[in-house]
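These notes concern the structure reproduced below.
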Amino acid sequence: MNNTEQLVPDHYETHTLREILTQPLAWQAALDVVAANQEAIQVLWKSKDYTDIVVTGCGSTHYLSQAVAPLLQRQLGIRARPVPASELLLFPETVIAPGSHPLLFTISRSGQTTETIRATRMFEQRYGGPVITIGCYPEAELVALSDLALVIPEGQEQSVVQTRSFSAMLLAAQAAIALAHNAHFQAMRNLPELGKRLIDAYHDLAKQLGSDAQFERFYFLGSGLQYGLASELNLKMKEMSLSVSEAFHFMEFRHGPMSMVNEHTLVVGLLSDTASAHELAVLREMRALGGRTLVLSEDHVPTEAADFQINFSSGLAENNRAVLYLPLLQLLGYYRARINGQHPDHPHNLTAVIVLDAER
Ligand code: F1P
């Protein structure tokens, strides 16, 4: 893995900013990798020689698993469950039901994270099911342990925190699942261009809100397919800016956490198509409590629910456009880091990969 000491190419102030702004290029590469593995992927989905799917990773890639598993179950009609690799490794019987023969779906930027490697080895020895992996490094140990690997080198990063790697791996997973219904896959080919347009259109808004010192706490709300994304964007805000930040399912936010809402609160809503009426009701109520709201949605929403909004106008179905929620909210965390005096390329206490020795 490259070190962040390397000079930042072009005119970007940091590796992290460059990687956030250039991520549509990695999206194109992710779509090409899936297209190149189309046959193997469709054979895997059709084979069905597994009873359910366990999706796993650590940190960002655990949250990525939370975004992929509900889509697998919704699109393929087979039970799918996200779980941190450490839980699969240390409590397998609480994850894999007796008599089941799951497919293991591992996600790891580095492919070197000890917990994910140990969990995959344990799974192969104890359950012997097929293993598919998504990552960014072809020579990684996890790739060698897998029956099918979707590797996107263009997702590789100098930065410690995952931004374009996360979105490229998410897109590869969504595109692979969309291959179950080819029409959806073709429609996703527009995403790189859509992503570029969205970043250009809303970069200033993300900078304005990220740099606005009136905000002291951030809540990311996402339900269904968006909960994993809300969890990841919460992690980005923490990792980069060390801000008070949490993620919740929309309607769970009323059940206690809304006690934290005041005039220094930004509530960020990742709106779904499926439940938008319920989600907009929550946002209206948080504005009534004095909070400010930022809404990300396919179409324009009534201003009663949104102080600020980012509209995708992608024409894509909810199952195929998850990556569009990411770039502007990664930028929100980036600019918050700047006003908090944090250097996004050198996040506090963090390393790019967690490698554990035998004792740990
Ligand atoms: C997983 C991870 C990252 C986190 C940090 C440490 O890495 O937890 O999500 O930001 O960099 O590692 P990986 O298994 O996806 O390479």
Side-chain angles (χ1 to χ4, degrees), residues 60 62-75 80-82 166-167 170 174 198 202 205-206 209 215-238 243-314 316-330 332-333:
S60 283
H62 165 50
Y63 300 133
L64 212 164
S65 304
Q66 288 181 334
V68 169
L71 188 62
L72 278 165
Q73 186 156 320
R74 182 190 252 186
Q75 294 276 85
R81 175 179 178 184
F166 184 94
S167 61
L170 172 65
Q174 290 217 317
L198 209 62
Y202 293 103
L205 175 63
L209 295 176
F215 297 126
E216 294 167 358
R217 50 188 78 159
F218 300 85
Y219 297 105
F220 295 88
L221 306 185
S223 297
L225 303 179
Q226 273 74 253
Y227 179 67
L229 304 180
S231 300
E232 165 58 12
L233 293 158
N234 166 50
L235 180 66
K236 283 287 102 44
M237 182 58 81
K238 287 179 188 293
S243 296
V244 175
S245 175
E246 290 183 84
F248 295 95
H249 297 88
F250 266 96
M251 297 174 81
E252 273 301 304
F253 196 58
R254 289 196 187 99
H255 298 277
M258 72 177 180
S259 56
M260 298 289 287
V261 173
N262 64 17
E263 64 283 4
H264 300 294
T265 303
L266 183 65
V267 179
V268 181
L270 286 68
L271 220 66
S272 70
D273 295 354
T274 308
S276 55
H278 300 283
E279 296 164 351
L280 289 169
V282 172
L283 295 166
R284 278 196 298 275
E285 290 165 34
M286 295 316 125
R287 291 191 73 229
L289 293 175
R292 310 296 298 284
T293 60
L294 166 63
V295 179
L296 286 84
S297 56
E298 174 62 14
D299 303 311
H300 187 79
V301 302
T303 52
E304 295 75 46
D307 292 287
F308 313 96
Q309 51 185 295
I310 292 171
N311 308 130
F312 308 145
S313 311
S314 70
L316 289 173
E318 185 175 77
N319 298 339
N320 308 129
R321 60 164 202 252
V323 285
L324 297 180
Y325 290 94
L326 298 168
L328 282 309
L329 296 181
Q330 290 164 348
L332 182 78

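Scope of the values below: all heavy atoms of this structure, side chains included, with no hydrogens, waters or symmetry mates. Model, not experiment: these values are computed from the prediction.
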One should read off an interatomic distance between Tyr63 OH and Leu235 CG, to the nearest 0.5 angstrom, of 5.5 Å

Interatomic distance, CG@Leu266 vs OG1@Thr293, rounded to 0.5 Å, equals 8.0 Å

Report yes or no: do Asn234 and Glu232 form a side-chain donor-acceptor pair below 3.5 Å?
no

Note: Ser272 and Ala275 closest approach over all heavy atoms is OG-N, 2.9 Å

Here the gap from Leu328 atom CG to Ile310 atom CD1, rounded to the nearest 0.5 Å, amounts to 4.0 Å

For Ser231 and Gln66, the nearest pair of non-hydrogen atoms, with its separation, is OG-OE1, 3.5 Å

- Query: Under a 4.5 Å cut-off applied to non-hydrogen side-chain atoms, are Val301 and Leu283 in contact?
  - Reply: no

>> Taking Ala306's backbone N and O only, do any of them form a donor-acceptor pair with Thr303's side chain (distance below 3.5 Å, no angle check)?
In response: no

Distance col, row Leu71:CG vs Gln73:CD, nearest 0.5 angstrom, shows 10.5 Å

Q) Where do Phe312 and Tyr325 land on the ring pair (Phe, Tyr, Trp, His ring centres under 6.0 Å) test, with the steps shown first? A) CA-CA 9 Å; Phe312 308 145; Tyr325 290 94; 4.9 Å; yes

One should read off an interatomic distance between Arg321 CZ and Leu225 CG, to the nearest 0.5 angstrom, of 9.5 Å

Could you verify whether a donor N or O on one side chain and an acceptor N or O on the other, from Lys236 and Ser245, lie under 3.5 Å apart? no

- Give the intermediate values and the outcome of side-chain contact (heavy atoms from CB on, under 4.5 Å) for residues Met251 and His278. CA-CA 8 Å; Met251 297 174 81; His278 300 283; 3.8 Å; yes

With no hydrogens and no angle check, just 3.5 Å: does a side-chain donor-acceptor pair link Gln75 and Asn319? yes

Please test Gln309 against Ser297 for side chain to side chain donor-acceptor pair (under 3.5 Å), starting from the C-alpha separation and ending with a verdict.
CA-CA 8 Å; Gln309 51 185 295; Ser297 56; 4.6 Å; no

Check: Is any side-chain heavy atom of Leu289 closer than 4.5 Å to a side-chain heavy atom of Met258?
Finding: yes

Heavy atoms, side chains only, cut-off 4.5 Å: are Leu296 and Leu329 in contact? yes

inquiry  = The test is side-chain contact (heavy atoms from CB on, under 4.5 Å); show your working for Leu64 and Phe166 and say whether it passes.
reply    = CA-CA 7 Å; Leu64 212 164; Phe166 184 94; 3.6 Å; yes

Closest non-hydrogen atoms of Tyr219 and Phe248, given as atom of the first, atom of the second and distance, are CD2-CE1, 3.9 Å

| field | Residues Ser313 and Glu298: side-chain donor-acceptor under 3.5 angstrom | value | no

Between Leu270 and Phe250, the two heavy atoms sitting closest are O-CE1, 3.5 Å

Open item on the list: Looking at Arg287 and Glu304, is there a salt bridge between them, counting it only when a charged N and a carboxylate O are closer than 4.0 Å?
Closed with: no

In short, Ala80 meets Ala69 closest at the heavy-atom pair CB-O, 3.4 Å

Within the 3.5 Å criterion, strictly below it, is a donor on Thr274 or Glu318 matched to an acceptor on the partner's side chain?
yes

CD of Glu285 to CG of Leu280, rounded to nearest 0.5 Å, is 11.0 Å

Here the pair of heavy atoms bringing Ala247 nearest to Ala230 is CB-O, 3.6 Å

Exercise. If we only count heavy atoms from C-beta on, is the Thr265 to Val267 side-chain gap below 4.5 Å?
Worked result: yes

Ser223 and Glu279, any side-chain heavy atoms less than 4.5 Å apart:
yes

Only residue of Val295, Val282, Val268 satisfying side-chain contact (heavy atoms from CB on, under 4.5 Å) with Leu221 is Val282

### Query
After noting the C-alpha distance and the side-chain angles of Phe308 and Leu209, does the key distance pass the side-chain contact (heavy atoms from CB on, under 4.5 Å) rule?
CA-CA 9 Å; Phe308 313 96; Leu209 295 176; 3.6 Å; yes

Exercise. Take Arg217 and Phe215 through the test side-chain contact (heavy atoms from CB on, under 4.5 Å) and record every step on the way to the result.
Key: CA-CA 6 Å; Arg217 50 188 78 159; Phe215 297 126; over 6 Å; no

